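Working notes, structure below.
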Amino acid sequence: MGKALEGVRVLDLTHVQSGPSATQILAWLGADVIKVEAPGRGDITRGQLRDLPGVDSLYFTMLNANKRSVTLNLKSAEGKAVFGQLVTTADVLVENFGPGVVDRFGFTWDRLRQLNPGLVYASIKGFGPGRYADFKAYEVIAQAMGGSMSTTGFEDGPPLATGAQIGDSGTGIHLVAGILAALYQRTSTGRGQRVQVAMQDAVLNLCRVKLRDQQRLAHGPLGEYPNEGFGDEVPRSGNASGGGQPGWAVRCAPGGPNDYLYVIIQPVGWRPITELIGRPELADDPAWATPEARLDKLDKAFALIEEWTERHTKWEVMDALNARDVPCGPILSTRELIEDETLAELGVVVEVEHPERGSYKTVGSPLKLSDSPVDVQRSPLLGEHNDEVLAELGYLPGQLRDLRALGAI
């Protein structure tokens, strides 16, 4: 069976997380992703956070599946010449260097589209043009400047970062959407184009409901928030859902750090909840029966639920609530996720063999296409595909030896 992006060639000049997360998705969808790395070291994450000496780190392997690796010295004339040839064969070029780095290699957008008018040139930056354009950006900086941290945590505590990598991988997913749109538009125009996504912009897009609530504040307190008072900014509201249906994380037995379950009280769910917790009289009590009546005492409502959940495991609570169509979900630890049999059966977590580190687990593709199944393959060794890729460009064995001697590959 073919792949959705079969025949699409991607030059991957990305490193660390935001860019590699995007190009990995393209590779999973069937694109021929050629990761271009500096000779000797390659992507810095090959050596970061290593758990085994001298072996590519899990940081690298879990972001670079299904790719081919070539090494090119883009500071050398010979390396630039090879890269120029690669550009002529590519459909997409992706980079996440600091502003101007690719230009300084001699490959401005004007030069690139002269070499290949159909090229889609995609970039991730920390920020868009303007005051912040040249600032360095990292995952949590993007969270800080995109609205996430100011609205995450409890009211009486400091701003908090989320464990989900919404700044890096979240931006990568946005870039994939832009690349696919540009490729689709090329089918009618024949032209490539620039695609740019800023990390700050991507985080803000994911925080849009908080901008919604910022504007709602002009008309009074936010009733679905558990906060006692409101100023002129959206507050941190702990584990409140922030949506139309109130939710909270309640403690479960035996009381470990992740023995919690998140439960949402829908209007139709109140009666079955009251029956489960042994308080059926609250279903018809005017002081509790409607969402409006419960709104000013949601803390007490969840405390009543917690008195029941504390006597049961999160799995027992999940089964009991789901049997009554009450939305809920246990808080799953990283250990529980990596060992989850259902996720393994679905290919959400997969086991991969690596020639140097052996077997390891990684995430599978979250995108499920009926006619483009994903087979997650290991990440490439540094420069593993030099001979293969350059031979496709017409280089002969003697020329490859010369390029190595010159330090160009």
Side-chain angles (χ1 to χ4, degrees), residues 7-16 18-20 22-24 26-27 31-48 54 56 60-61 63-64 66-125 179 192 194-195 355-356 378-409:
V8 173
R9 171 168 283 187
V10 178
L11 295 187
D12 181 1
L13 271 69
T14 68
H15 58 290
V16 192
S18 63
T23 53
Q24 179 167 261
L26 298 175
D32 175 21
V33 177
I34 300 173
K35 188 173 180 71
V36 180
E37 304 181 74
R41 186 182 72 171
D43 188 325
I44 192 173
T45 59
R46 285 185 183 271
Q48 282 187 336
D56 287 339
F60 177 84
T61 62
L63 285 160
N64 291 282
N66 294 58
K67 303 178 186 180
R68 298 196 286 173
S69 170
V70 300
T71 52
L72 281 181
N73 181 358
L74 293 181
K75 296 180 181 179
S76 73
E78 296 81 6
K80 289 178 181 179
V82 174
F83 182 70
Q85 288 181 266
L86 279 171
V87 168
T88 65
T89 71
D91 298 284
V92 182
L93 187 154
V94 189
E95 59 89 15
N96 63 333
F97 290 113
V101 171
V102 178
D103 290 0
R104 291 195 291 274
F105 287 143
F107 292 96
T108 63
W109 172 225
D110 285 341
R111 170 88 188 284
L112 289 168
R113 60 183 170 182
Q114 285 174 1
L115 290 168
N116 184 348
L119 185 70
V120 173
Y121 178 17
S123 301
I124 288 176
K125 302 302 174 200
I179 290 169
R194 285 287 270 128
V195 177
E356 294 181 344
R378 67 169 175 86
S379 60
L381 303 177
L382 180 61
E384 180 177 351
H385 302 95
N386 278 350
D387 290 3
E388 179 179 294
V389 172
L390 270 63
E392 293 169 3
L393 297 177
Y395 283 85
L396 300 174
Q399 293 173 301
L400 295 176
R401 286 194 296 271
D402 292 341
L403 289 172
R404 285 193 176 87
L406 291 167
I409 61 175

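Hydrogens, waters and symmetry mates are skipped; everything else that's a heavy atom, side chains included, is used. Worth saying up front: this structure is predicted, and the values here are computed from it rather than measured.
Arg378 places a side-chain heavy atom less than 4.5 Å from the side chain of Pro355. The closest side-chain heavy-atom distance from Leu406 to Ser76 is not below 4.5 Å. A heavy-atom distance below 4.5 Å is found between the side chains of Asp32 and Arg68.
By the 30° and 60° cut-offs, the orientation of the rings of Tyr121 relative to Trp109 is tilted.
Shortest non-hydrogen contact noted between Val70 and His385 is CG1-O, 3.7 Å. Heavy atoms only, all atoms of each residue included: Lys67 and Leu63 are closest at NZ-O, 3.2 Å. Contact detail for Ala408 and Glu78: the closest heavy-atom pair is CB-CB, 3.7 Å. When all heavy atoms are compared, the tightest approach of Asn116 to Thr88 is ND2-O, 3.8 Å. Asn96 and Gly19 get closest at one heavy-atom pair: ND2-N, 3.4 Å. Closest non-hydrogen pair, Leu86 versus Thr89, comes out as O-OG1, 2.8 Å.
For residues 71-90, every residue pair satisfying the ring pair (Phe, Tyr, Trp, His ring centres under 6.0 Å) rule, not counting sequence neighbours, is listed here: Phe83-Phe107.
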Inset, instruction - Please lay out, stage by stage, how Leu74 and Leu13 fare under the test side chain to side chain contact (heavy atoms under 4.5 Å, CB included). - result: CA-CA 11 Å; Leu74 293 181; Leu13 271 69; 4.2 Å; yes
Legend entry - side chain to side chain contact (heavy atoms under 4.5 Å, CB included) between Lys125 and Glu95, intermediate numbers included: CA-CA 9 Å; Lys125 302 302 174 200; Glu95 59 89 15; 3.0 Å; yes
Inset, instruction - Please report the C-alpha distance between Thr45 and His15 in whole Å, then the side-chain angles of each, then the deciding distance to 0.1 Å, and finally whether the side chain to side chain contact (heavy atoms under 4.5 Å, CB included) criterion is met. - result: CA-CA 7 Å; Thr45 59; His15 58 290; over 6 Å; no
Inset, instruction - Run the numbers on Ser123 and Arg194 for side-chain hydrogen bond (donor to acceptor under 3.5 Å, both in side chains), then give the verdict. - result: CA-CA 8 Å; Ser123 301; Arg194 285 287 270 128; 2.9 Å; yes
Legend entry - Candidate pair Leu119 and Arg113, rule side chain to side chain contact (heavy atoms under 4.5 Å, CB included), full reasoning: CA-CA 6 Å; Leu119 185 70; Arg113 60 183 170 182; over 6 Å; no
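In this structure a side-chain-to-backbone donor-acceptor pair under 3.5 Å is missing from Asp91 to Val10. Thr108 contributes a side-chain N or O that, together with a main-chain N or O of Arg111, makes up a donor-acceptor pair within less than 3.5 Å.
For the atom pair OG1 (Thr23) and CD1 (Ile34), the distance works out to 12.0 Å, reported to the nearest 0.5 Å. Expressed to the nearest 0.5 Å, how far CG of Asp12 lies from CG of Leu26 amounts to 8.5 Å.
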Under 3.5 Å donor-acceptor pairs involving side-chain atoms of residues 394-405, not counting sequence neighbours:
residue, atom, partner, partner atom, Å
Tyr395, OH, Gln85, OE1, 2.4
Gln399, OE1, Leu396, N, 2.8
Arg404, NH1, Asp387, OD1, 3.4
Arg404, NH2, Asp387, OD1, 2.5

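In this view, Glu37 and Lys35, Asp43, Arg46, Phe60, Ser69, Leu382 satisfy the side-chain contact (heavy atoms from CB on, under 4.5 Å) rule, not counting sequence neighbours.
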